Amino acid sequence: MEQQDEPTKDQKIWQVVIAIPAGKVASYGQVAEMAGLGRQARYIGRALGKLPKGHSVPWYRVIRSNGQVAFPEGSEIYREQVSRLEAEGVEVVNGRVAMRRFRWQ
DNA sequence: GTAATGACTGCTA
DNA sequence: CTAGCAGCCATTA
């Protein structure tokens, strides 16, 4: 069996990412912790990279802890993320988010 | 079974 | 501000 009765980590991660309010962003570590994964911040990117085609996960709302995008400037993927963020009302300058990041207090 | 990799994070210089 | 190093741990080869 490859599937379990309970949702997999990827599913949880996607759910968490989807739970991020529009206009805000979260870091990989924050998402990992929120998903109950703890320090598996790296797994977040891996899960997002494995996202299926018809997914509805706003992966573009997930950035690094320093507020910078996880992709190099000029990259197509980078432009897409920035474009989507700007569409959400998030300001991105020089590859970093100039807005208040999502905060669970 | 082991080795290498990675959409990361934090600290130190 | 940038650069380097170590820690972290699941997934993949």
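Every chain is numbered from 1 and lettered A, B, ... according to where its sequence line falls, protein lines coming before strand lines. Owing to the predicted nature of the structure, the values given are computational and were not obtained by experimental measurement.
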Q: In whole Å, I'd like the distance from the CD atom of E73(A) to the P atom of dA7(B).
A: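 Answer to the nearest Å: 18 Å.
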Q: From CG of D10(A) over to P of dA7(B), roughly how many Å is that when rounded to an integer?
A: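 The answer, rounded to whole Å, is 14 Å.
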Q: Mind calculating the distance between CD (Q68(A)) and P (dC8(B)) to the nearest angstrom?
A: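 Q68(A) atom CD is separated from dC8(B) atom P by 11 Å.
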Q: May I have the distance from N66(A) (atom CG) to dC11(B) (atom C1'), rounded to whole angstrom?
A: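 Rounding to the nearest Å, CG of N66(A) and C1' of dC11(B) are 14 Å apart.
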Q: Does any residue of residues 21-37 of chain A have a heavy atom under 4.0 Å from DNA chain B, and if so, which ones, in number order?
A: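 DNA chain B contact set from residues 21-37 of chain A: S27(A), Y28(A), G29(A).
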Q: Find the distance R42(A):CZ to dA4(B):P and express it as a whole number of Å.
A: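 Spelled out: CZ on R42(A) to P on dA4(B) is 15 Å.
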Q: Rounding to an integer number of Å, can you tell me how far F71(A) CZ sits from dG6(B) P?
A: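 Atom-to-atom, F71(A) to dG6(B), this comes out as 13 Å.
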Q: Nearest to the side chain of Q40(A), which nucleotide is it out of dG7(C), dA7(B), dA10(C)?
A: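 Closest of the options to the side chain of Q40(A): dA10(C).
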Q: Nearest-Å distance, CZ (R46(A)) to C1' (dC8(C))?
A: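 So the two atoms are 13 Å apart, to the nearest Å.
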Q: Atom pairs, N/O to N/O, protein against nucleotides 1-6 of chain C, distance under 3.5 Å?
A:
none

Q: Would you check if the side chain of Y78(A) reaches a backbone N or O of G95(A) as a donor-acceptor pair within less than 3.5 Å?
A: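 Yes; judged by distance alone, with no hydrogens or angles, the pair exists.
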Q: What is the separation between atom CD1 on I13(A) and atom P on dC9(C), rounded to the nearest whole Å?
A: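 Value for this atom pair: 15 Å.
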Q: Which residues in residues 80-87 of chain A have a heavy atom closer than 4.0 Å to any atom of DNA chain B?
A: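 Nucleic-acid contacts, sorted: none.
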Q: Give a yes or no on whether the backbone of Y28(A) and the side-chain of R42(A) come within a donor-acceptor separation of less than 3.5 Å.
A: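 Here the side-chain-to-backbone pair does not exist.
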Q: Looking only at the side chain of W59(A) (C-beta and beyond, no hydrogens), which of the listed nucleotides dA7(B), dT12(C), dC9(C) gets closest?
A: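 Among dA7(B), dT12(C), dC9(C), the one nearest the side chain of W59(A) is dA7(B).
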Q: Checking all strands, does R64(A) fall into the base, sugar-phosphate, or nothing category for heavy-atom contacts under 4.0 angstrom?
A: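 Sugar-phosphate: the residue R64(A), judged by heavy atoms under 4.0 Å, touches backbone atoms but no base.
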Q: Please say which of Q81(A), E88(A), R84(A) ends up in a side chain to side chain contact (heavy atoms under 4.5 Å, CB included) with R61(A).
A: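 Exactly one option meets the side chain to side chain contact (heavy atoms under 4.5 Å, CB included) with R61(A), and it is E88(A).
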